[in-house]
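Since the structure comes first, as structure tokens, the remarks are kept for the end.
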Amino acid sequence: MKTKSLRKGAVALTAAATLLPAVPSLAQEAPKLQIGGTTYTKWLYGNSRTQGALYNFSVVPGEGYGENGIGTELELLLNARLSSAVEVRGRIHSRFSQNFWSNFGGFGGGPGNCVNGDCGEFDPRSNQYIKLRGLAVTLTPGYLVDSATIGANDFGQFDPYVVGRIRYIDRDNAYGVLVQGSAFERRLTYDVAGISLPRLWAGPNFTTGAFHTTDASYVFQGKYAFNDMFDVGGIFQYAIDNELNTSDNILDDGRQLFPRYRNGVGGLKAGFHLGSIVDVRGAFYRSYSHAENTNYFGETGKDNPRWVPKSFELNGYSAMPAGRHEDNTWKVDLTLNDPLEIGLSLNAQAFSIGADYVSVMAARRESDVLLTEGSDGSFAFPGPVNGSYGGTSGIGYGGFTSETQQVATVNVDNSFTDFDEPMAETAIGWKGVTFNPVYSNGALDIAGEYSFITYNTNWQAWGDDTRAITDTDYPGTELTAGVLHNFRSAYQPFQDKRTHILVAKARYALDIGRGVDVFGKVKYIHENDKRLNDKKYLPYQDNDCVGGAACKNVQRFYDPEGRHSTASFFSNPNLLPDGSGYQFKPFDDIADDDRVLNYTSFNLGAGYQLTDDLYMSLSYTKFLADLQDGNTALQGFNWHQMASGQHNKNLIALKAKYILAGVEFGLEGQYNFGTFTPDFGTGFTPQVADETMAKNYNVPVDSKGFLSRYNTWNSLETRNFEHVRLKAFMKAQF
């Protein structure tokens with residue numbers, strides 16, 4: 001026993017002697033936790049008087065949007081270094097929704113419809129909740145792989161055509177496993193990830209069904225640089241949305257799965273870098289999209305989250321087309337970096353994004369996949385007041401004020417944004433070329449653009465005469481109507497469209513005082529869309545409505561079997577009660593739905609650094625749109641306020657930025673005003689609103705207009721708009 005005790009003592013002393021020199025090292029390797037944070041307070045004011053939420057825009061049902069109110073959010077940033085090879089990071093974050101100051105901490109309401117912050121403490125949209133976000137563990141073992149991140153990520157290291165930076169309120173709501181590595185002195189790099197599919201939108205009908213926990217997207221990308229002049233790369237993504245197999249009723253051996261939706265995308269990329277002057281990059285992608293189309297999960301979506309639409313009728317909503325589709329996308333970029341050494345460079349791009357190209361995990365916003373500026377955000381929705389479906393306001397008359405971003409998906413997301421943020425628009429179906437010269441000389445910077453765009457979606461009857469126009473695989477998503485179209489309208493049944501875009505912008509720094517920045521921009525868009533361009537697609541036979549007599553309603557069929565007619569949607573007008581004429585124009589000419597747009601915007605402004613901490617700018621922008629968007633026979637596909645006519649819109653904007661010892665203040669105030677003078681063509685007899693009509697449609701008594709197919713009122717009077725709005729913020733970091 002004594003011998004054993006001595007042995008134990010010797011072992012203990014030896015162990016202590018061995019460990020003691022390592023104590024300082026262990027102390028250095030002890031976990032270190034850092035806590036930081038941000039507070040962000042936002043003031044919104046607008047004369048539209050909406051107060052649905054503390055952001056100006058959302059298309060999410062039940063979320064609301066607003067331009068009045070004050071609210072504060074808190075973000076705590078946590079970072080722990082467990083060792084040199086292990087790091088943990090996370091965020092605890094409240095978010096702007098309906099947490100107005102006037103809610104008084106979330107107790108200022110009760111159960112309700114929760115569109116004005118009236119749910120009080122009973123709903124997370126108004127009870128100032130704080131939520132775990134962005135938790136991830138990063139391992140850097142130093143062998144086999146460079147790093148492995150387990151948990152939240154924005155996955156922005158991939159390709160926005162395939163797997164893009166995903167934002168849903170925050171950029172790191174997506175969770176998955178990301179492994180990154182390299183070899184051959186980093187000439188070869190690779191990224192591999194498994195990402196949980198967002199059940200909120202990553203599937204048919206904007207859902208991944210009932211069984212969602214194993215739905216995932218798997219992606220691999222690699223790049224090899226042969227030398228400084230040439231590199232090649234590839235990327236492949238496969239996403240699968242599974243549901244429980246409805247025919248597997250024996251539970252003893254587990255439950256089988258059945259695919260609800262599958263999506264595969266492969267891409268090849270190459271770059272040629274000829275010194276510092278010439279750079280050429282090319283990419284080719286092919287996609288496969290298959291939404292279950294056999295009614296395996298039922299024929300109706302009522303109380304059935306697994307249901308997959310087989311058709312979107314004329315105007316459906318979904319993150320991808322129904323059924324099975326394959327298509328290609330490609331682009332080639334050329335950069336000439338000041339080849340003449342006079343400050344003049346040129347960027348050029350040729351591109352084609354397939355009509356059936358689908359990548360469920362492609363970037364939805366905050367990525368710009370094309371060189372062109374594209375459309376403007378000033379008219380983001382159909383109608384002169386940026387209203388959807390007859391007048392429900394989306395973003396208001398002022399629209400978005402930043403340049404647009406193009407994304408390679410119909411699953412565009414502009415929700416939870418304010419008017420001063422960039423607007424994303426779908427580029428599905430676009431093909432064309434862009435030239436972008438850039439000149440810089442001292443205090444002067446000039447840039448320009450010319451783009452010609454035509455469309456892979458130029459087709460008749462959705463490209464398939466064997467189906468009715470109210471039976472299609474393609475989600476019309478409000479269709480292409482309005483001043484500058486809706487930002488997520490990629491498809492319409494009839495299209496024959498071409499677009500020209502010209503831009504010139506400049507900035508010059510005047511050597512006055514602290515320096516005055518003078519800036520300006522001119523943009524012109526000409527677009528022509530003949531839409532229906534073949535007489536066989538007209539809804540009724542010739543002379544069906546003649547001489548003010550009642551229409552005969554003799555349909556015209558566009559398929560050889562005589563089954564399908566556009567009369568299934570474009571019904572004939574009724575005679576007015578007094579027999580004085582037609583309620584709207586009969587659709588009897590292929591020019592009745594033609595669209596021609598001439599759109600011009602002019603911007604001029606100046607900015608000045610008033611103090612070391614305060615910068616302010618003032619600008620004026622005029623928007624002129626001369627638009628023919630079909631006549632009363634088309635009626636903007638019946639749902640929207642018609643936008644044909646003359647639009648004259650003005651914007652005065654004041655911006656300020658003030659930084660004081662870790663606190664940043666920002667402000668943008670806008671005064672938007674203008675007029676819309678309708679021009680809906682001829683072939684119908686205007687009506688005059690009586691007292692009942694004036695009350696029902698919110699128009700003046702005795703004002704002129706016409707009733708649509710669904711008896712909604714379209715005013716023929718000049719409309720005057722005035723939209724005041726302001727956003728201010730305070731951001732403090734600690």
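Residues take their numbers from the sequence shown, with the count starting at 1.
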Can you tell me how far [atom2] of [Y] sits from [atom1] of [X], rounded to the nearest 0.5 angstrom?
X: Asn127; Y: Ile130; atom1: CG; atom2: CD1; result: 10.5 Å
X: Glu243; Y: Phe211; atom1: CD; atom2: CZ; result: 8.0 Å
X: Lys131; Y: Arg91; atom1: NZ; atom2: CZ; result: 10.5 Å
X: Leu624; Y: His647; atom1: CG; atom2: NE2; result: 11.0 Å
X: Gln237; Y: Asp159; atom1: CD; atom2: CG; result: 11.0 Å
X: Asn68; Y: Thr50; atom1: CG; atom2: OG1; result: 6.0 Å

Would you mind reporting whether [Y] and [X] have side-chain heavy atoms less than 4.5 Å apart?
X: Asn56; Y: Glu421; result: no
X: Met320; Y: Tyr261; result: yes
X: Ser378; Y: Tyr599; result: yes
X: Leu651; Y: Gln670; result: yes
X: Lys42; Y: Asp418; result: yes
X: Ser601; Y: Asp376; result: yes
X: Thr477; Y: Tyr491; result: no
X: Gln641; Y: Arg719; result: yes

Given Thr38 and Lys731, is the side chain to side chain contact (heavy atoms under 4.5 Å, CB included) satisfied, shown in steps?
-> CA-CA 7 Å; Thr38 303; Lys731 184 177 182 180; 3.7 Å; yes
[X] side chain to [Y] backbone, donor-acceptor under 3.5 Å:
X: Tyr175; Y: Leu135; answer: yes
X: Thr149; Y: Leu178; answer: no
X: Thr41; Y: Ile70; answer: no
X: Thr409; Y: Asn411; answer: yes
X: Ser359; Y: Val162; answer: yes
X: Asp368; Y: Gln406; answer: yes
X: Asn79; Y: Gln34; answer: no
X: Gln635; Y: Phe637; answer: no
X: Asn47; Y: Glu722; answer: yes
X: Asn99; Y: Thr72; answer: yes

Residues, nucleotides or ligands: over 12 heavy atoms within 6.0 Å of [X] [atom1]:
X: Arg199; atom1: CZ; value: no
X: Lys622; atom1: NZ; value: yes
X: Glu313; atom1: CD; value: no

Step-by-step side chain to side chain donor-acceptor pair (under 3.5 Å) determination, Gln492 to His485 | CA-CA 11 Å; Gln492 60 176 331; His485 313 296; over 6 Å; no
Begin from the C-alpha positions of Leu479 and Leu314 and carry the test side chain to side chain contact (heavy atoms under 4.5 Å, CB included) through to its verdict.
-> CA-CA 9 Å; Leu479 300 172; Leu314 187 66; 4.3 Å; yes
Charged tip of Arg260 within 45° of Phe297 ring normal and under 6.0 Å = no
Nearest heavy-atom pair of [X] and [Y]: which atoms, and what distance?
X: Gly476; Y: Ser489; result: O-OG, 4.0 Å
X: Ala322; Y: Pro309; result: CB-O, 3.5 Å
X: Phe519; Y: Ser619; result: CE1-CB, 4.0 Å
X: Ala152; Y: Gly134; result: CB-CA, 3.4 Å
X: Gly377; Y: Met423; result: CA-SD, 4.0 Å
X: Ala210; Y: Pro305; result: CB-CG, 3.8 Å

Tell me, with the steps shown, if Tyr658 and Leu667 meet side chain to side chain contact (heavy atoms under 4.5 Å, CB included).
-> CA-CA 9 Å; Tyr658 180 64; Leu667 176 144; over 6 Å; no
Check ion pair Glu403-Lys521 (N to O, under 4.0 angstrom) | yes
Side chains of Arg125 and Gln98, donor plus acceptor under 3.5 Å = no
Using only heavy-atom distances, determine whether the side chains of Ser703 and Tyr697 contain a donor-acceptor pair under 3.5 Å.
-> no
From the options Tyr397, Phe487, Phe400, select the one residue that forms a ring-ring contact (aromatic ring centres under 6.0 Å, His included) with Phe381.
-> Phe487
Just one of Tyr40, Trp101, Tyr65 clears the ring-ring contact (aromatic ring centres under 6.0 Å, His included) bar with Phe96, so which one?
-> Tyr40
From Ile395, Asn386, Val385, residue fulfilling side chain to side chain contact (heavy atoms under 4.5 Å, CB included) relative to Phe379 | Asn386
Hey, mind stepping through Thr404 and Glu425 against side chain to side chain donor-acceptor pair (under 3.5 Å) and telling me if it holds?
-> CA-CA 7 Å; Thr404 58; Glu425 63 177 336; 3.2 Å; yes
Are Asn672 and Phe721 close enough, and set up right, to give a side chain to side chain contact (heavy atoms under 4.5 Å, CB included), and what steps lead you there?
-> CA-CA 8 Å; Asn672 295 273; Phe721 300 101; over 6 Å; no
